[in-house]
Amino acid sequence: MNVTPSASGPADRRAATLAMACLGVFVAYLPVTTVSVSLPAIQAALGASTAQLAWVQDAFVLPMAAFILTAGVFGEVHGRKKVFQAGLLFSAAGAAVALTAQSIQVLWAGQALAGLGAAALLPTTLALISHAVPDHRERGKFIGLWATSLLLALAVGPLIAGVILEHAAWRWIYLLVIPVSLIAMAVAARLLTDSRAPHGRRLDWPGQLTAAAAITALVYGVIEGGAGSFTDTRVLVALFVAVAGGVAFVLAERRSDSPMLDLALFRSPAFTATTLVAMITFLALIGFFFLLSLYFGLVQQLDTLQAGWRLLMVTGAAIVAGAPVGRLMHRVPARVLITAGLLVVTGSLLSLTTVGADTSFASIAWRLALLGLGMGGVLTPMTATAVASVPGHLAGMAAAGNNAFRQVGGALGPAVLGALLTARALDTFPAHLADAGITGAAGQSIAGTARAGGLGAVAAMNLGAGTGPALNAVGEAFLDGMRLCLIVAAALTLLAALVSAVLLRRPRTASTVAASSSGAPATERAHAG
């Protein structure tokens, strides 16, 4: 193992590793919410269409989902510290490009660079923790703090964006990432201990190429299908490429003696459960945050800062719950914590189906706080169990695999729930217009505008005295779509709870997986003895 001397002792090295890991995941996730709540300002400034605007967020998510596994392998082969610093550099470069963007296409490029940075940071930060803290009980506390940093980035992002947008142009939301990333790179160069996987791991190019192709095609196909039609030729081609790429990836990994994602890891019920739970849960929750932001802006007519304070109810409660859950992991099985947390999330999502356009903040706040508490009960044990369920030298692979499936779910969430929301809302919108007294040619014109440009396009129409009733109809149609999406999201988190309850019933430890002759990963079998 290649180790670079750094801090003065084991405790100092662990502290330095934890600080860098927390800062890295904060940098990786900060663009998620700062950009999402700033999309209306970006659209107005750059004159972007709705389809172009959708790709601002997706330009970040796609490379993050597609290259997480690749980044994990690079860390195993070339050194996790190097990949960590490369992730910070890509994040700073992406923010700098976005900060100077004068067109939507340049903004996409900046977002894509930042997405590559996040792809490098997410698995590497967890692998660094796993290397610095080999004891899985103690490691759970460190991963709890890592998860708290992730949630903190999601929490403060809307607040940062809200304050900036009240006093400056949208582009300044990218400024903070640049000095934070560069300072972290300098500190990591001095304090962080490097590590790599033993047993001579090497790059798996067939696995990397097929995985990137499959994930990119899948996310692209679902996004474009949700925005248009799933019968479009390009969507069908993308979905076919995704299936073919997935099959090719499985075949490549089965034949490789140094696979990027050893399929034998899925013989561990704990790893399989946490990976499925991560994907399903993030599909539901990231899709929910997308809906919630639209609800606050489109229905309740709140500005960015007001919406940010309300979103803080979710992430703030999750942060509060994260610390005690990390300590409970010694005494309470991960299965109980994860399943209970997902059931709480399910109940919260169902309770939100009763909100309306005039629902008070106090009435919404407790439901959002309940959702956050459930999330806080899931994220830390889910991540810690995924890493602890495999041999220590495969921690980077496990972290990368878990994060890859998580990000695929997160990328699909807004697309899937957004498509459901649009279909349901546009279906009921004409009836709500009629209820508001807008019929005939006026009603057809407004409904046609909504079908062409989305419900938000109605707000830009000059309707005179009919503006108020039309916007009320928009709100009611949106609520119809949101209720359907909340039910679907609740069904997904309930499914994730069932997966956790069944597959985590008798979890195996990393040592058990390593010792199993039938379940040992291929890399371990190839280099045993």
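In this structure, S351 contributes its side chain and S348 its backbone to a donor-acceptor pair below 3.5 Å. Of the possible polar contacts, none joining the Q111 side chain to the G94 backbone as a donor-acceptor pair under 3.5 Å is found. Distance alone, capped at 3.5 Å, places no donor-acceptor pair between the T281 side chain and the A278 backbone. A side-chain donor-acceptor contact under 3.5 Å links T449 to the backbone of S445. Side chain of Y295 to main chain of G356: a donor-acceptor pair is present (N/O by atom type, distance under 3.5 Å, no hydrogens or angles). Although no hydrogens or angles enter the test, the distance criterion places no donor-acceptor pair under 3.5 Å between the side chain of S38 and the main chain of A41.
The line from CG of L352 to CD1 of I487 is 12.0 Å long, rounded to the nearest 0.5 Å. In this structure, the separation between CG on L116 and CD1 on I68 is 11.0 Å, given to the nearest 0.5 Å. Rounding to the nearest 0.5 Å places CG of L371 at 6.0 Å from CG of L285. Distance check, rounded to the nearest 0.5 Å: CH2 of W55 to CG of L107 gives 14.0 Å. A distance of 11.0 Å separates CG in L479 from OG1 in T354, rounded to the nearest 0.5 Å. A distance of 4.5 Å separates CG in L152 from CD1 in I319, rounded to the nearest 0.5 Å.
Residues V488 and V416 have side chains not in contact (no heavy-atom distance under 4.5 Å, counting atoms from C-beta outward). The shortest side-chain heavy-atom distance between F361 and R310 falls under the 4.5 Å cut-off. With contacts defined as side-chain heavy-atom distances shorter than 4.5 Å, the pair L261/F405 qualifies. For the pair R406 and M382, the minimum side-chain heavy-atom distance is below 4.5 Å. With contacts defined as side-chain heavy-atom distances shorter than 4.5 Å, the pair M279/L412 does not qualify. A heavy-atom distance below 4.5 Å is not found between the side chains of L218 and V241. Between M482 and V299, every side-chain heavy-atom pair lies at or beyond the 4.5 Å cut-off. Counting heavy atoms from C-beta outward, V408 and F282 have side chains that stay 4.5 Å or more apart.
By the side-chain hydrogen bond (donor to acceptor under 3.5 Å, both in side chains) test, T346 is found to be paired with T493, residues two or more places apart in sequence or in another chain being considered.
Taking the six-membered ring where tryptophan is involved, the planes of F271 and F266 are perpendicular, since the angle between them exceeds 60° and thus also 30°.
When the shell of 6.0 Å around CZ of F90 is examined, it contains 12 or fewer heavy atoms from other residues, nucleotides or ligands.
The stretch residues 471-481 participates, sequence neighbours left out, in these salt bridge (charged side-chain N to carboxylate O under 4.0 Å, His left out) pairs: D480-R483. Under the salt bridge (charged side-chain N to carboxylate O under 4.0 Å, His left out) criterion, the residue pairs touching residues 231-242 are E224-R234, with sequence neighbours excluded.
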